[in-house]
Amino acid sequence: MFVSENLSVNKENHLVIGKNDTVELAKKYGTPLYVMDEDLIRKNCRVYKEAIDKYYGGNGLVLYANKAFCSVYTCRLAAEEGLGADVVSGGELYTAIKAGFPMDKVYFHGNNKTADELEMAVANRVGHIVVDNIYELELLDAIAEKHGIVQKIMFRIKPGVDAHTHSFIRTGQIDSKFGVALENGEAFEIYEKAHRMPNVDPDGLHCHIGSQIFDVEPFCEAAQIMMDFAGDLKDKLGLEIKKLNLGGGYGIMYTEKDDPVPYDEYIKHVSEVVKSTAAKRGIDIPSILMEPGRSIVASAGITLYTVGGIKDIKGVRKYVSVDGGMGDNPRYIMYQSEYAAVIANKAGAPASDKVTVAGKCCESGDLLLKDAMLQEAEAGDILAVLATGAYNYSMASNYNRIPRPAVVAVKDGVPKVIVKRETYEDIIMNDMM
Ligand SMILES: *Cc1c(COP(=O)(O)O)cnc(C)c1O
């Protein structure tokens, strides 16, 4: 009935997440409110871990891509589940450090890490730095020398696979700000250079072909290309690739239109390609890394809002306004993303009314849902937007000086605030008085 498996309706006709009545959560913590189901996050982590055990004999590591939802809480949760972490900025790295995350399991990404960020990563002994370009390589080599260490690195490679929702093409990807390309020899040259450098150890390869991907083929294609490149590096440079990081990007169900492949399936097919290419090229099967973000947290999260004014413009459109919007969920205004929603206090009623749900920001594009079917809304109702666990809180802003919502995690029916609601004091915190 709902896009996420952890949602149900109780006898009061209220939406339930995990074992918690969402109407009660809204009453207790206020709205807008992000709610994350910890049990489902953990379950999602285990799907990937079990797939690595099953298809790679445990020779690999799942890295949680923090950019989907980064907090001290999620870092601790990922650590408890035995995952590594993908971080993309000094701020995400700082969060992982403060959460006590094991630094040897951290992979630091980004296409333009600053000298300060690289310094911070090296000083804190981050396990791997995923280097983007020559400039960064030279900068890092000097920083590692200063610290007297040999920094393990891998480069972000553009495998030339462009993943789209339902098809893929092998062109165009060279035109990307991320990483180094294979087809013009750039990737080979950078490995050759790094191989000779004294303070870095290029022991792995990395690629990430996109996000919200529903096809298996682009992942298989990328794995094949990367393994062939590993073969080339061994043949031509004698360089052994010990780690293959295949990135994230596994699609999730936002609405009924989405039809994701079970994650276990992707990994099974990719593992066949990795193994057969390793055999063909006479190289060892590297340790496999994958970096799911969205598929770990998206379905575990919902956002609760209170309905305010309703504007039924006859013959035009019916607008239902809520007390949040693009500040807590900028995905509609950025990508016209589609979501499913339900009136949480009437969750069992038929969705018979076609409405457009608007946020409260001063932008006409500040919508959460356009022309969606909902239960008949009234002021004071609680609206739940589903599958908001990824790229909502992490992309939130204070536009219009609206404080960011709190985040509540529910585990085994027990709610706990994991990020507190911002106050107006927080909003002016850095203003000089
Ligand atoms: C965004 C990103 C991920 C996570 O992608 P999802 O679609 O959230 O799984 C993983 N690795 C890298 C390098 C990324 O940029």
Going through the distances and angles, do Tyr399 and Glu363 end up as a side chain to side chain donor-acceptor pair (under 3.5 Å)?
-> CA-CA 10 Å; Tyr399 182 51; Glu363 299 286 332; 2.6 Å; yes
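- Other residues, nucleotides and ligands contribute only 12 or fewer heavy atoms inside 6.0 Å of the OH atom of Tyr94.
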Would you please test His206 and His109 for ring-ring contact (aromatic ring centres under 6.0 Å, His included) and show each step?
-> CA-CA 10 Å; His206 173 261; His109 291 269; 4.6 Å; yes
Chi angles and distances behind the side-chain contact (heavy atoms from CB on, under 4.5 Å) call for Ile52, Met290 | CA-CA 9 Å; Ile52 285 194; Met290 46 192 91; 3.7 Å; yes
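- Formation of a donor-acceptor pair under 3.5 Å by the Asp258 side chain with backbone atoms of Glu256 is not found in this model.
- In this structure, the side chain of Lys113 engages the main chain of Val130 through a donor-acceptor pair within 3.5 Å.
- Asp203 contributes no side-chain N or O that, together with a main-chain N or O of Ile241, makes up a donor-acceptor pair within less than 3.5 Å.
- The backbone N or O of Thr423 lies less than 3.5 Å from a partner atom in the side chain of Asp426, making a donor-acceptor pair.
- Considering only heavy atoms from C-beta on, Val126 stays 4.5 Å or farther from Val87 through its side chain.
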Given the rule in the side-chain contact (heavy atoms from CB on, under 4.5 Å) test, do Tyr56 and Ile267 qualify, once you have shown the distances and angles that lead to the verdict?
-> CA-CA 9 Å; Tyr56 295 103; Ile267 298 160; 4.0 Å; yes
Kindly indicate, with the supporting measurements, whether the criterion side-chain contact (heavy atoms from CB on, under 4.5 Å) is fulfilled by Ile382 and Leu25.
-> CA-CA 10 Å; Ile382 302 300; Leu25 291 173; over 6 Å; no
Are Lys19 and Val410 close enough, and set up right, to give a side-chain contact (heavy atoms from CB on, under 4.5 Å), and what steps lead you there?
-> CA-CA 8 Å; Lys19 292 170 188 153; Val410 298; over 6 Å; no
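- Between the side chains of Tyr254 and Arg294, at least one donor-acceptor pair of N or O atoms lies under 3.5 Å.
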Apply the test side chain to side chain donor-acceptor pair (under 3.5 Å) to residues Asp381 and Gln375: give CA-CA distance (whole Å), side-chain angles for both, the deciding distance (0.1 Å), then the verdict.
-> CA-CA 10 Å; Asp381 279 348; Gln375 293 78 13; over 6 Å; no
